Structures are given as structure tokens and as C-alpha cells.
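Notes follow the structure.
Computation of the quantities below employed the complete heavy-atom set of this structure, encompassing side-chain atoms and omitting hydrogens, waters and symmetry-equivalent molecules. This one's a predicted model, so the numbers in the text were calculated from it and none came from an experiment.
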Amino acid sequence: MDSGNEVARLMGPRATPESLITASPICQVHAGSPPFLLAHGTADQVVRFDQSVAFRDALLSAGTEVCWKPIEGAPHEWADLPGPSDGPETAGTFGALVLPFFRSHLQYGHTTRPQPRVAEC
């Protein structure tokens with residue numbers, strides 16, 4: 001495996017097809033998976049956008065709630081501008097997506113499992 005590519009940096013130069021399949025997030029989807037927030041740039045050249053769509057669809061098939069946010073025209077790493085220090089996150093940034101998602105799913109006492117659905121964030 002080319003030691004300069006993203007996969008080799010994550011998995012090591014001796015990664016096998018079997019170890020790559022096992023490590024793939026889509027292969028870890030199961031009933032009872034926690035809610036997911038998926039944000040993916042439509043111009044990503046590292047991880048194809050259709051892989052994120054397939055991951056979303058697998059999660060939904062397993063009955064998992066998915067908050068889906070395609071970032072139009074964004075590459076793999078898109079700029080995330082912080083909001084002002086005395087105000088909220090700038091609308092459209094990853095922080096602006098994550099905070100409400102975390103608040104709705106990680107609050108103390110949150111015990112009910114939401115119905116499987118996909119929602120634009």
C-alpha cells in the first residue's frame with residue numbers, strides 16, 4: 001500500500017483488504033446504533049460523497065436516526081469559521097450543526113430512543 005495515502009496513514013502500510021473492510025464505518029452499523037450527525041462536502045476528493053450517502057442509508061436501514069448535512073461544494077476539509085466570542089456559532093459552520101445535535105442527544109436524562117429518520121440539519 002502506498003505509504004503516502006490517507007488509508008495507509010490510518011491503517012498502516014500492511015493493511016489488508018480484510019482489515020480495511022473490518023475498519024470501515026459502514027461495516028459497524030447495527031440495530032441499536034446511536035444517532036449520527038453526518039456532514040460531508042459534496043466536492044470531497046479524499047472520501048467520495050457517495051460513500052457518505054451509502055453510510056447514511058445503511059444507518060437508516062438499521063433504524064438509526066441520522067441528521068444529514070451535505071456541504072455543497074466543500075472539499076474534505078472545509079473552513080469552519082468560529083462565531084464571535086460573545087455570541088453564537090456562525091450559521092452554517094460545523095459547530096452550529098453539532099451544538100444542537102449534542103444538546104438534543106446528550107442531555108442528562110435523555111432516555112427515549114428517537115424514531116429512525118433522516119433530517120436536514
Which atoms form the tightest heavy-atom contact between [X] and [Y], and what is the distance?
X    : Y   : value
F101 : L37 : CZ-N, 3.5 Å
S52  : L38 : O-CD1, 4.2 Å
V29  : A62 : CG1-CB, 3.6 Å
S33  : H30 : OG-O, 2.7 Å
A15  : L20 : CB-CD2, 3.9 Å

Inset, instruction - Report the distance from atom OG1 of T16 to atom CE of M11, rounding to the nearest 0.5 Å. - result: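 Going from OG1 on T16 over to CE on M11, the span is 7.5 Å.
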Inset, instruction - Would you give the length of the straight line joining atom CZ of R56 to atom OG of S61, rounded to the nearest 0.5 angstrom? - result: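 Rounded to the nearest 0.5 Å, the CZ-OG separation comes out at 10.0 Å.
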Inset, instruction - Run through the side-chain heavy atoms of Ile, Leu, Val, Met, Phe, Trp and Tyr, join any pair under 4.5 Å, and report what else lands in V47's cluster. - result: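 ILVMFWY cluster around V47 also holds V46.
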Inset, instruction - Sorted by first residue and then second, give each salt bridge (charged side-chain N to carboxylate O under 4.0 Å, His left out) pair with at least one member in residues 25-48; sequence neighbours left out. - result: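 Qualifying pairs, neighbours excluded: R48-D50.
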Inset, instruction - Please collect all salt bridge (charged side-chain N to carboxylate O under 4.0 Å, His left out) contacts where either partner lies in residues 24-38, sequence neighbours excluded, each pair once. - result: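 Checked against salt bridge (charged side-chain N to carboxylate O under 4.0 Å, His left out) - neighbours excluded - no pair reaches residues 24-38.
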Inset, instruction - Kindly write out the residues that satisfy ring-ring contact (aromatic ring centres under 6.0 Å, His included) with F49, not counting sequence neighbours, or none if the list is empty. - result: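 Result, ring-ring contact (aromatic ring centres under 6.0 Å, His included) vs F49: H40, W68.
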Inset, instruction - For T42, check side chain to side chain donor-acceptor pair (under 3.5 Å) against everything at least two apart and list the hits. - result: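 With sequence neighbours excluded, T42 shows a side chain to side chain donor-acceptor pair (under 3.5 Å) to no residue whatsoever.
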Legend entry - Set of side-chain contact (heavy atoms from CB on, under 4.5 Å) partners for A43, sequence neighbours left out: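 A43: no side-chain contact (heavy atoms from CB on, under 4.5 Å) contacts found.
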Legend entry - N/O donor-acceptor pair under 3.5 Å between E65 side chain and P34 backbone: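 Judged by distance alone, no pair lies under 3.5 Å.
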